[in-house]
Amino acid sequence: MSGHLDGHRAGLERRSRFDRSDDVVVMKFGGTSVEDAAAIGRVIGIVRSRNGSQPVVVVSALAGVTDQLQEAGTAAAKGHLGSALATVRGIYVRHEGLADSLVGDSAYGALDRELRGEFRELESLLLDLAAAGRLDPKSQDHLLGFGECFSSRLVKEALCRAGIDAEHVDARTCIVTDARHGQASAVWDVTEQRLQETVSPLLERGQVPVLGGFIASTCDGVPTTLGRGGSDFTAAIVGAALCASRVEIWTDVDGIMTTDPKLCSDARVIRRLSFDEAAELAHCGAKVLHPATLAPAMRQNIPVYVLNSRRPEGQGTEIVGRVKTGNAVIAITAKRKVAAVEIESAQGVNSELLQAVYAVFDRHSCPVDAMTTSLGRISLLVGSTAALPAITAELRGVAEVSWDVRWENHKALVCLVGENIRRQPELASRVFASVSDMDACVVCQDASDRAISFLVEESKVEELVRRLHGIFFPRREPVRDWGGLSSAYCQAG
Ligand code: ASP
Ligand code: MG
């Protein structure tokens with residue numbers, strides 16, 4: 001008990017030491033923000049513009065590299081060693097080319113030696129995979145992490161060349177996780193302590209620490225990863241451990257948008273939203289930053305910004321704990337390829353049967369998006385029909401009940417998302433009136449008050465989204481003072 005309290009006190013002392021340096025800014029640059037020399041040049045400019053605060057830089061692998069590593073690993077495990085090595089050589093040439101153009105002569109030799117050493121390790125891993133004939137999750141984590149090892153060294157040297165006193169920090173020595181390969185979770189106390197011990201002395205010396213995102217290791221030093229897209233998670237972990245004043249996610253779009261601009265060209269950036277609203281958007285199918293990855297920032301109430309490294313002057317989207325809602329609807333999402341399943345039972349529906357049905361869908365890894373019941377019928381929405389024949393067959397054997405299972409394909413789920421929108425009858429009636437001719441059926445998608453959902457034929461998605469967007473975001477009328485247009489829906493790298 002006293003040990004626990006001592007630990008707690010030590011934590012508080014550490015915390016208070018960090019509270020004073022209130023201006024640590026964690027800046028995460030996604031793959032497209034470091035993809036080539038021009039992109040890394042922009043990163044240098046952005047980091048330099050933060051010289052009033054203490055930046056900590058987290059980088060993803062160069063765009064496409066993680067996928068290529070995956071391809072190489074799969075090829076090696078299948079015995080196609082030649083093509084695996086060729087893929088990896090391509091990655092090496094790309095990094096060397098960038099080192100050549102971004103790094104000064106004096107540092108080039110040392111960087112080149114480091115990169116060569118790591119590429120040799122990577123090649124020998126591919127040989128092992130070919131010999132083993134399989135790619136297990138543990139080797140896969142080792143393999144995929146190389147992208148961030150390379151990019152973080154490269155970006156560190158490029159920053160130094162530009163006159164910024166940057167220092168490389170090996171994230172695998174600081175972010176300590178469990179051994180759930182492919183989707184590891186940080187062991188918080190150890191990680192917090194290691195980050196504070198490693199990164200804070202650099203900050204105190206006025207240096208800019210540069211870490212690879214996504215990569216970590218177990219307490220025994222076995223490489224792990226935080227799951228695909230995990231660099232955002234790294235940024236949130238680092239931000240929380242260092243009590244940062246903000247976490248910035250630099251990407252290639254202007255922020256999180258009111259709808260998919262591919263569906264509706266009037267889509268605009270949402271200036272502010274709450275973590276809860278972001279969670280609802282993700283649940284409704286928008287490809288926003290996943291709140292699970294922001295949880296450490298959320299716990300400590302650190303604001304997160306989604307910003308465009310190609311247009312750094314934009315305001316982006318701010319995600320915070322609470323937002324005073326001006327306009328009730330913040331966004332309109334669309335999820336395609338939905339199938340509507342109807343299960344009819346002559347014997348009626350009770351909770352035992354419901355559970356049995358749910359369990360069958362679960363066993364077939366077929367996630368249920370929505371479920372409603374009536375006297376003798378269960379209606380479900382699912383994202384794929386692949387497992388439905390097998391599920392139907394299995395249901396026939398459940399609980400000695402005779403089921404009739406039917407489904408309809410090519411549906412889409414369009415959701416209006418916003419705080420408390422279900423509690424506003426006048427809003428609902430306006431919406432229903434405007435879509436009454438569209439054969440859109442209302443779905444009670446979940447228990448939250450933050451979404452109203454419609455099921456429509458996929459062919460009608462565009463029209464429905466445009467109509468709804470026109471109602472809630474009429475042209476030129478600012479909503480939560482928006483920042484500008486973007487070329488894509490949300491963050492993409
Ligand atoms: N490079 C990793 C990926 O592509 C991690 C990340 O970019 O966040 O998934
Ligand atoms: Mg990403």
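When a ligand or atom number is given, it counts from 1 through the structure's own listing order. Being a predicted model, the structure only gives us computed values, none of them experimental.
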Checklist entry - Under the salt bridge (charged side-chain N to carboxylate O under 4.0 Å, His left out) rule, what pairs show up with a residue in residues 37-66, not counting sequence neighbours? => result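 Listed by first then second residue: Arg50-Glu248.
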Item to check | Non-hydrogen atom of Gly31 closer than 4.0 Å to ligand 1 | outcome: no
Checklist entry - Is the closest heavy-atom distance from Gly230 to ligand 1 below 4.0 Å? => result yes
Checking the N or O distance criterion of under 3.5 Å, is ligand 1 in contact with [X]?
| X | answer |
| --- | --- |
| Glu148 | yes |
| Ser60 | yes |
| Gly229 | yes |

Next on the checklist: Out of all atoms in ligand 1, which are within 4.0 Å of some heavy atom of Arg228? Include the element for each.
Outcome noted: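 Those of ligand 1 that fall under 4.0 Å from Arg228 are 3 (C), 4 (O), 9 (O).
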Checklist entry - Which ligand 1 atoms are under 4.0 Å away from a heavy-atom of Ser231? => result 5 (C), 6 (C), 7 (O), 8 (O)
Checklist entry - Taking NZ, NE, NH1 and NH2 as the nitrogens, is one of them in Asp170 or Arg172 under 4.0 Å from a carboxylate oxygen of the other? => result no
Next on the checklist: Tell me if a side-chain donor or acceptor on Thr234 pairs with a main-chain N or O of Phe214 at a distance below 3.5 Å.
Outcome noted: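 Yes: the side chain of Thr234 pairs with the backbone of Phe214.
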Checklist outcome for this item: Taken in chain and number order and not counting sequence neighbours, the residues that satisfy ring-ring contact (aromatic ring centres under 6.0 Å, His included) with Tyr92 are Phe119
Checklist entry - Mind checking whether His142 and Phe146 have parallel, tilted or perpendicular rings, split at 30° and 60°? => result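 If you compare the ring of His142 with that of Phe146, the planes turn out parallel.
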Checklist entry - Parallel under 30°, tilted from 30 to 60°, perpendicular over 60°: which one fits the rings of Phe29 and Trp250? => result parallel
